Amino acid sequence: MSSGIDTLRLTAEEALALVDSGEVSSAELWQAYRDAINEHDGELHAFLTLVDEPEGNGIPIALKDVISTRGVRTTAASKILENYVPVFDATVAAKCRAAGMTLLGKTNTDEFAMGSSTENSAYGPTHNPWDLTRVPGGSGGGSAAAVSAGLAPWALGSDTGGSVKLPSAFCGNVGLRPTYGTVSRFGVVAFASSLDQVGPVTKNVRDNALLYRIISGRDENDSTTVDVPPVALPEGTDLKGLRIGLPRQLNEVEGIEPGVKAACEAALAKAEELGATVEECDLPLSVEYGLACYYLVAPAEASSNLARYDGVRYGLRSEGADFREMVMHTRHDGFGDEVKRRIMLGTYALSSGYYDAFYASAQKVRTVIKREHDALFERFDVLVSPTCATTAFPLGAKSQDPLAMYLTDVLTIPANMAGLPGLSIPCGLSEGLPVGLQIVGPQFSESTLYRLGHALEQAIGFDVVPERLR
Ligand code: GLN
């Protein structure tokens with residue numbers, strides 16, 4: 001705060017206005033965030049690598065360490081990429097650079113974005129700014145913690161099964177997992193290519209829309225991308241005509257905390273006051289089979305994507321008597337337990353005798369999930385539920401139990417399997433910890449998600465600054 005800039009409260013939009021008006025220079029702004037990092041990142045560990053000099057004339061940003069940055073170490077929180085310095089920018093990083101943004105650093109994540117708590121990072125976990133004994137969520141816990149604690153005005157994460165939405169919920173941020181295909185993955189360390197999407201993590205909904213505008217659109221280097229019209233910047237709180245569906249299976253999921261349920265119900269009551277209609281509906285197959293389907297598809301694709309780490313092309317190389325042994329030693333030393341578990345699950349699901357039984361069946365189930373959502377979107381504009389059944393859990397609570405960890409994503413995964421966009425906004429506190437509300441819409445409905453998110457944000461008046469930092 002030496003500069004008089006309150007990084008805890010300043011939104012990116014306000015930061016932009018300060019720089020545009022000349023009130024604060026880009027370098028001063030960057031330094032204010034850098035000072036905040038120096039002060040707080042010792043206890044949070046949101047960053048894996050810090051940039052030493054600001055480059056650009058705009059506002060700062062932090063990027064999840066799965067996004068390649070030219071000249072800046074990119075590790076995916078893995079030992080296997082410990083010393084990897086990309087010679088090119090991921091398209092999303094290049095777009096931020098082209099918009100003048102100054103990079104603060106690269107944020108912590110579960111190794112290769114595999115996890116829900118950031119505890120699978122090879123470099124140690126990130127702590128939740130609301131309660132240092134708890135996880136920030138994952139895999140993009142570093143980006144979420146950084147934004148929440150005022151160490152960056154905004155950040156990018158990546159979301160395969162929920163890694164933008166979940167940490168945003170746990171840290172009290174706004175996080176968007178965009179429609180599959182609207183944001184380039186060129187230069188983003190691949191996890192599960194039919195699911196990976198990069199998305200913005202911000203303090204409020206308008207910032208989120210601003211950043212999504214910058215990163216979205218067709219990229220020649222990623223054939224899955226399409227052109228999208230610039231998303232509308234949300235204004236006002238009128239929700240007349242908006243039809244909200246409440247899938248029972250998501251809203252009454254087993255193990256839902258009473259405080260989470262109460263915060264979501266209060267938010268929905270506000271939506272009704274603002275003119276929206278709210279009606280219960282059903283999403284039985286998507287919720288029953290979504291998670292299992294994800295844990296076949298994602299590890300299968302991961303096992304294929306991770307075959308590139310062979311000690312020859314990237315990063316770490318451990319020696320061995322011959323090529324085979326060298327590769328074996330490299331992977332043994334370079335990959336953590338969760339990554340090895342995923343590779344084993346994936347190669348098993350893809351092996352010749354099992355391919356049809358597992359991977360092919362999972363792809364069929366995926367079509368069923370997509371159709372079930374499509375049918376609901378004939379009656380509803382959006383589907384709403386908690387982002388997670390619980391608030392941030394204590395560090396270590398699930399790290400010895402992979403299945404419990406996987407279950408954390410049971411509410412975010414169904415929409416992801418269907419390629420749909422989802423926005424998580426903070427909707428209140430449960431026992432002092434932020435609760436996330438997930439808003440899912442049909443493909444390319446980001447403007448609608450932002451409209452509802454913004455209206456609720458105004459109506460709820462959630463204070464995004466962690467209580468212990470106020
Ligand atoms: N927690 C999920 C997993 O471990 C999702 C991670 C992600 O979205 N990157 O795969």
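Side chains included, hydrogens not; waters and symmetry mates left out as well; all remaining heavy atoms used. The shown structure was predicted, so the numbers you read here are calculated from the model rather than taken from an experiment. Counting starts at 1 for both ligands and their atoms, in listed order.
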Engineer: Of all heavy-atom pairs between Leu151 and Ala36, which one has the smallest distance, and what is that distance?
Structural biologist: CD2-O, 3.3 Å
Engineer: Phe170 vs Phe393 aromatic rings, parallel, tilted or perpendicular, using cut-offs 30° and 60°?
Structural biologist: perpendicular
Engineer: Can Arg468 and Glu43 be counted as an ion pair, charged N to O under 4.0 angstrom?
Structural biologist: yes
Engineer: Which class fits the ring pair Tyr309 and Phe335: parallel under 30°, tilted 30 to 60°, perpendicular over 60°?
Structural biologist: perpendicular
Engineer: Between Asp227 and Arg218, does at least one N-O distance fall below 4.0 Å, as a salt bridge requires?
Structural biologist: no
Engineer: State whether a side-chain donor-acceptor pair under 3.5 Å links Thr75 with Asp65.
Structural biologist: yes
Engineer: For ligand 1, what are the residues with a heavy-atom contact below 4.0 Å?
Structural biologist: Ala113, Met114, Gly115, Ser116, Ser139, Asp159, Thr160, Gly161, Gly162, Ser163, Phe191, Tyr294, Tyr295, Arg342, Asp409
